Amino acid sequence: DVRLVESGGASVQPGGSLRLSCEASGYRYYFFCMAWFRQAPDKERDGVAHVCRNEIYYSDSVKGRFTISQDNANNILYLQMDSLKPEDTGMYYCAVAFNVYALFDVKKYEYWGRGTQVTVSA
């Protein structure tokens, strides 16, 4: 079975930085999309950044502050988060999809990690 394990979440002050990691294992086929989503309390799960067939896209709320990258040799997906704001607070999830058109559609992602908590507050 495919397994995704996120790490790197923490509590930081506004303006700080964090790097999230997602280690993938147990799969035999190439994923067309890998993405980071986040979910704040009582809110829907929203896409933050995705890489689909080497094309990268960011949500408007994080553009210019977050960077998604991959270490294909070690099957790790990263999310570098800089200039963090309180509204970036939430549980961050890694997800993968075989659907090249998955983009930020939650329903199109077949596998999810359990998440890592990011809290940004003074």
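Residue numbers start at 1 and run along the sequence shown. None of these values were measured; they are calculated from a predicted model.
No more than 12 heavy atoms of other residues, nucleotides or ligands sit less than 6.0 Å from atom NZ of K107. Environment of CD in Q39: crowded, with over 12 heavy atoms of neighbouring residues, nucleotides or ligands closer than 6.0 Å. No more than 12 heavy atoms of other residues, nucleotides or ligands sit less than 6.0 Å from atom CD of E55.
For the atom pair CZ (F66) and CG (L20), the distance works out to 8.0 Å, reported to the nearest 0.5 Å. For the atom pair R38 CZ and L79 CG, the distance stands at 9.5 Å (nearest 0.5 Å). With rounding to the nearest 0.5 Å, the separation of CE in M91 from OG1 in T119 is 8.5 Å. Between the OH atom of Y78 and the CD atom of E23 there is a distance of 7.5 Å, given to the nearest 0.5 Å. Within the model, atoms CG of L77 and OG of S21 stand 8.5 Å from one another, a figure rounded to the nearest 0.5 Å. Between the SG atom of C52 and the NZ atom of K108 there is a distance of 11.0 Å, given to the nearest 0.5 Å.
Under a cutoff of 6.0 Å and an axis angle of 45°, R114 and Y93 do not form a cation-pi pair.
Considering all non-hydrogen atoms of both residues, A97 and A102 come closest at CB-CB, 3.6 Å. In this structure, S83 and S17 approach most closely via the heavy-atom pair N-OG, 4.3 Å. Residue L4 comes nearest to A95 through the heavy atom pair CD1-CA, 4.0 Å, listed as atom of the first residue, atom of the second, then distance. The two residues P14 and A122 make their nearest non-hydrogen contact at CD-N, 3.7 Å.
No continuous path of ILVMFWY side-chain contacts below 4.5 Å connects V5 to Y111, so the two sit in separate hydrophobic clusters. Residues I68 and L18 share a hydrophobic cluster, clusters being chains of Ile/Leu/Val/Met/Phe/Trp/Tyr side chains in contact below 4.5 Å. A continuous path of ILVMFWY side-chain contacts below 4.5 Å connects W36 to Y58, so both sit in one hydrophobic cluster.
Under a 3.5 Å cut-off, the side chain of E110 and the backbone N or O of F98 do form a donor-acceptor pair. Of the possible polar contacts, one joining the E6 side chain to the C94 backbone as a donor-acceptor pair under 3.5 Å is found. The backbone N or O of L103 sits less than 3.5 Å from a side-chain atom of Y109, completing a donor-acceptor pair.
Shown here are the ring-ring contact (aromatic ring centres under 6.0 Å, His included) partners of F32, two or more places apart in sequence or in another chain: Y30.
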What verdict does the side chain to side chain contact (heavy atoms under 4.5 Å, CB included) test give for M34 and Q70, after you've listed the backbone C-alpha separation in whole Å, the side-chain angles of each residue and the deciding distance to 0.1 Å? CA-CA 9 Å; M34 299 186 74; Q70 293 173 283; 3.4 Å; yes

Check step by step if side chain to side chain contact (heavy atoms under 4.5 Å, CB included) holds for Y92 and V48. CA-CA 9 Å; Y92 282 70; V48 173; 4.2 Å; yes

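Ion pairing of K85 with D88 is absent here, as no side-chain N (NZ or NE/NH1/NH2) approaches a carboxylate O to less than 4.0 Å.
You'll find the ring centres of F37 and W112 inside the 6.0 Å limit.
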